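The structure under discussion appears below in the form of structure tokens.
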Amino acid sequence: MDNEFKEELLFLLKTELSPIIERLDRIENEQIQIKQAVLETNETVKRMEVIQEQQHSIIQLLSARSIAQEAKLKNIK
């Protein structure tokens, strides 16, 4: 191949591939944003799990106290 033909072929390839490369860059950027959103959601869910466990413990304690108070009230009557 002569040098001019190689340059024309290279130019044609770059021209044709340029939109594809740009699209892949946009997809990669979007993928990064989705990954960040997933990580942030994961952190939120973990915090909610901790809060839910704390609330469950409090509810169990209050339930036990309520049962104990009901038993005391029955003994008073």
Side-chain angles (χ1 to χ4, degrees):
M1 289 189 198
D2 66 350
N3 200 23
E4 186 178 321
F5 180 72
K6 286 181 183 179
E7 289 180 18
E8 287 181 27
L9 184 59
L10 183 60
F11 176 77
L12 180 63
L13 283 171
K14 285 181 178 179
T15 303
E16 292 296 318
L17 291 177
S18 179
I20 296 170
I21 292 170
E22 289 174 7
R23 184 170 181 213
L24 287 173
D25 287 342
R26 287 193 305 271
I27 290 171
E28 186 177 72
N29 185 40
E30 185 178 341
Q31 188 178 24
I32 290 169
Q33 291 174 350
I34 291 170
K35 183 178 179 180
Q36 181 63 33
V38 168
L39 291 173
E40 290 172 3
T41 301
N42 189 36
E43 288 296 319
T44 300
V45 169
K46 285 180 181 179
R47 285 193 306 269
M48 290 173 65
E49 286 176 342
V50 169
I51 291 170
Q52 187 176 19
E53 288 173 5
Q54 291 170 344
Q55 288 175 341
H56 181 70
S57 296
I58 292 170
I59 289 171
Q60 284 183 323
L61 177 64
L62 292 174
S63 177
R65 285 183 183 174
S66 175
I67 292 170
Q69 288 175 349
E70 285 181 29
K72 288 179 182 178
L73 286 174
K74 284 184 180 180
N75 288 337
I76 293 174
K77 292 182 181 182

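Values in this document were obtained by computation on a predicted structure and should not be read as measured data.
Residues Gln52 and His56 have side chains that never bring a donor and an acceptor to within less than 3.5 angstrom of each other.
Interatomic distance, CD1 of Ile27 versus CD1 of Ile32, reported as 12.5 Å (0.5 Å rounding). Distance check, rounded to the nearest 0.5 Å: CD of Gln33 to CD of Glu30 gives 7.0 Å. Taken to the nearest 0.5 Å, the CG atom of Asp2 stands 9.5 Å off from the CD atom of Glu7. Atom CD1 of Ile20 sits about 10.5 Å away from atom CD of Glu22, to the nearest 0.5 Å. If you take OG1 on Thr44 and NZ on Lys46, they are separated by 11.0 Å, rounding to the nearest 0.5 Å. With values rounded to the nearest 0.5 angstrom, Lys72 atom NZ is found 9.0 Å from Ile76 atom CD1.
Side-chain atoms of Ser66 do not come within 3.5 Å of backbone N or O of Leu62 as any donor-acceptor pair. Looking at Thr41, its side chain does come within 3.5 Å of a backbone N or O of Ala37 through a donor-acceptor pair.
Residues Glu8 and Leu12 form no side-chain contact, since every pair of their non-hydrogen atoms from C-beta on lies 4.5 Å or further apart.
Heavy atoms of other residues, nucleotides or ligands lying less than 6.0 angstrom from CD of Gln31 number 12 at most.
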Should Leu10 and Lys6 be marked as a side chain to side chain contact (heavy atoms under 4.5 Å, CB included) after you check the CA-CA gap, both sets of side-chain angles, and the distance that decides it?
CA-CA 6 Å; Leu10 183 60; Lys6 286 181 183 179; over 6 Å; no
